[in-house]
Engineer: 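The structure follows.
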Amino acid sequence: MSIADRLKEEIAARQEDLVALTQDLIRIPTLNPPGREYRTICDYLDRRLLRSGFHTELIRAEGARGDSDRYPRWNIVARREGKAPGQCVHFNSHIDVVETGHGWTVDPFGGEVKDGKVYGRGACDMKGGLAASIIAAEVFIDLCPDYAGAIEISGTADEESGGFGGVAYLAEKGYFSPERVQHVIIPEPLNKDRICLGHRGVWWAEVETKGEIAHGSMPFLGDCAVRHMGAVLQEMETSLFPALAEKRTEMPVVPEGAKQSTLNINSIHGGEKEQEEDYSGLPSPCVPDRCRMVIDRRFLIEEDIEEVQAEIRAVLERVRDGRPGFDYEITELFRVLPTMTEREAPVVTSVAGAVNEVFGREATYVVSPGTYDQKHIDRIGRLKNCIAYGPGILDLAHKPDEYVGIEDMVQSAQVMALALNDLLGGA
Ligand SMILES: [Zn+2]
């Protein structure tokens with residue numbers, strides 16, 4: 001029997017272990033915010049990976065955004081050296097999950113198994129992927145103990161809130177540097193036969209229009225910042241949104257609607273603060289002297305950030321031309337540049353070959369509409385050989401009754417093990 005067949009067979013034989021591991025991970029409610037039980041899950045992973053011969057490190061992202069004594073940002077990085085020097089393959093999974101929300105028909109932290117699926121918050125995003133990568137590594141180590149190079153598995157904090165106390169922190173400390181790691185696979189739920197090469201860019205900014213406060217009965221004595229913002233919105237409708245819809249990317253972004261530039265208005269607020277729920281009085285009459293809007297612009301690899309910013313400034317300048325007294329300010333809140341790993345990159349071709357071997361068909365290449373931890377690996381770590389590949393259906397992430405299919409996990413683990421064999425020359 002070929003080594004590929006033996007790896008596949010052994011992973012299938014360990015299905016029960018894979019399911020139990022996924023259930024255990026789901027039962028640790030690592031909710032973020034605020035960042036609960038990070039230490040608990042790191043300790044659990046520590047015990048498991050030590051048993052499999054990994055050298056482990058528990059690292060607290062001290063001082064990172066989100067870290068506090070009450071909610072410390074714990075991460076685990078585990079490494080297992082092979083018999084000879086070689087390259088390192090790193091599997092990175094985030095350990096945090098988002099709030100459960102309403103509408104569940106099962107216990108979100110019960111890890112219930114039903115009809116070939118494991119249910120729970122984080123089942124697909126992404127504890128199922130983490131479990132699959134652990135089983136893949138363990139089976140590969142058992143069957144190919146003479147491999148060259150090293151395998152790393154990390155469980156990292158805060159991906160759902162930007163990753164500053166997780167991958168960004170570790171990248172700054174050198175854990176994701178080309179000297180230490182050569183191939184990165186992030187087992188996010190992208191579907192078992194798809195390889196995610198990267199993501200679009202993000203620019204968040206706050207746009208503020210300025211006015212002058214006055215009594216609401218005599219608005220002519222003031223200057224209404226909300227009306228100015230209304231003019232901005234109108235200008236966006238007339239000139240900006242149609243222009244964005246025209247910009248199409250060559251990146252294989254899914255879903256189809258995200259193949260163009262997009263802009264969302266995340267929030268808007270003008271005038272007096274909203275009153276507390278227990279306040280039963282009336283609001284007071286004032287002309288709003290400022291109005292603030294937060295925009296969420298997602299951009300394409302064909303666009304650059306200066307162009308994206310200039311476009312918003314141009315909208316505001318056009319409004320200024322037509323409105324006496326119009327004044328504004330733009331404050332950048334957050335930026336991430338688009339990234340896309342090349343199809344010829346070794347991690348891509350290895351995983352593509354493994355997908356072909358397991359499913360008997362070509363892998364599909366996709367790009368994510370939103371960002372994930374690849375942004376830090378790319379920008380801080382300077383690692384270009386990185387993809388997201390893992391079991392689970394992306395559409396189920398963050399929803400009630402989230403689940404991961406057991407067969408999907410088994411097959412993804414097979415793909416991961418075959419990729420390890422290809423990259424580390426197991427036999
Ligand atoms: Zn995720």
Side-chain angles (χ1 to χ4, degrees), residues 21-22 25-26 28-38 41-42 45 61 66 73-76 90-101 108-109 111 118-134 153-171 176 184-192 194-200 202 253-255 258 298 334 336 339 341 366-378 386-405 408-409 412-413 416:
L21 175 56
T22 308
L25 294 171
I26 290 169
I28 305 171
T30 46
L31 282 166
N32 180 31
R36 287 187 205 283
E37 308 291 348
Y38 286 174
I41 201 165
C42 285
L45 292 167
R73 274 31 206 172
W74 283 102
N75 298 274
I76 182 169
H90 184 116
F91 292 97
N92 165 251
S93 297
H94 64 85
I95 52 177
D96 56 325
V97 301
V98 296
E99 65 165 316
T100 54
F109 299 109
V118 188
Y119 283 85
R121 174 53 84 227
C124 87
D125 186 13
M126 58 177 291
K127 289 173 171 176
L130 171 55
S133 68
I134 291 173
I153 293 178
S154 61
T156 52
D158 286 1
E159 190 276 340
E160 300 289 3
S161 54
F164 302 104
V167 170
Y169 183 86
L170 295 177
F176 290 95
V184 182
I185 298 172
I186 304 176
E188 286 274 10
L190 269 307
N191 297 10
K192 60 189 175 183
R194 301 202 301 192
I195 296 174
C196 180
L197 300 169
H199 52 71
R200 298 191 299 173
V202 183
V253 187
V254 287
R298 303 296 169 128
F334 183 56
V336 176
T339 179
T341 301
V366 297
V367 160
S368 166
T371 69
Y372 52 97
D373 276 335
Q374 186 167 341
K375 59 178 175 269
H376 302 304
I377 291 167
D378 170 61
C386 175
I387 56 165
Y389 170 79
I393 301 161
L394 187 59
D395 301 11
L396 296 173
H398 301 200
K399 290 215 165 162
D401 286 352
E402 177 182 345
Y403 67 81
V404 63
D408 290 2
M409 280 199 292
S412 284
M416 292 176 198

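Note that the structure is predicted; figures quoted are calculated from it, not measured. Numbering of ligands and ligand atoms starts at 1, following listing order.
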Engineer: Report yes if the side chains of Pro391 and Met416 come closer than 4.5 Å at any heavy-atom pair, otherwise no.
Structural biologist: yes
Engineer: Protein N, O or S atoms less than 2.8 Å from the Zn ion (ligand 1), ignoring waters?
Structural biologist: His94 NE2, Asp125 OD1, Glu188 OE1, Glu188 OE2
Engineer: Quick one: side chain to side chain contact (heavy atoms under 4.5 Å, CB included) partners of Leu31, sequence neighbours excluded?
Structural biologist: Val97, Phe109
Engineer: Considering residues at least two apart in sequence or located in another chain, which fulfil the ring pair (Phe, Tyr, Trp, His ring centres under 6.0 Å) criterion with Tyr403?
Structural biologist: Tyr119
Engineer: Give me the atom names and distance for the closest heavy-atom approach of Cys386 to Ile377.
Structural biologist: SG-CG2, 4.1 Å
Engineer: Mind checking ring pair (Phe, Tyr, Trp, His ring centres under 6.0 Å) for Phe164 and listing every partner two or more places apart, or none if nothing turns up?
Structural biologist: His376
Engineer: Once you round to the nearest 0.5 Å, how far does CD1 of Ile185 lie from OG of Ser133?
Structural biologist: 9.0 Å
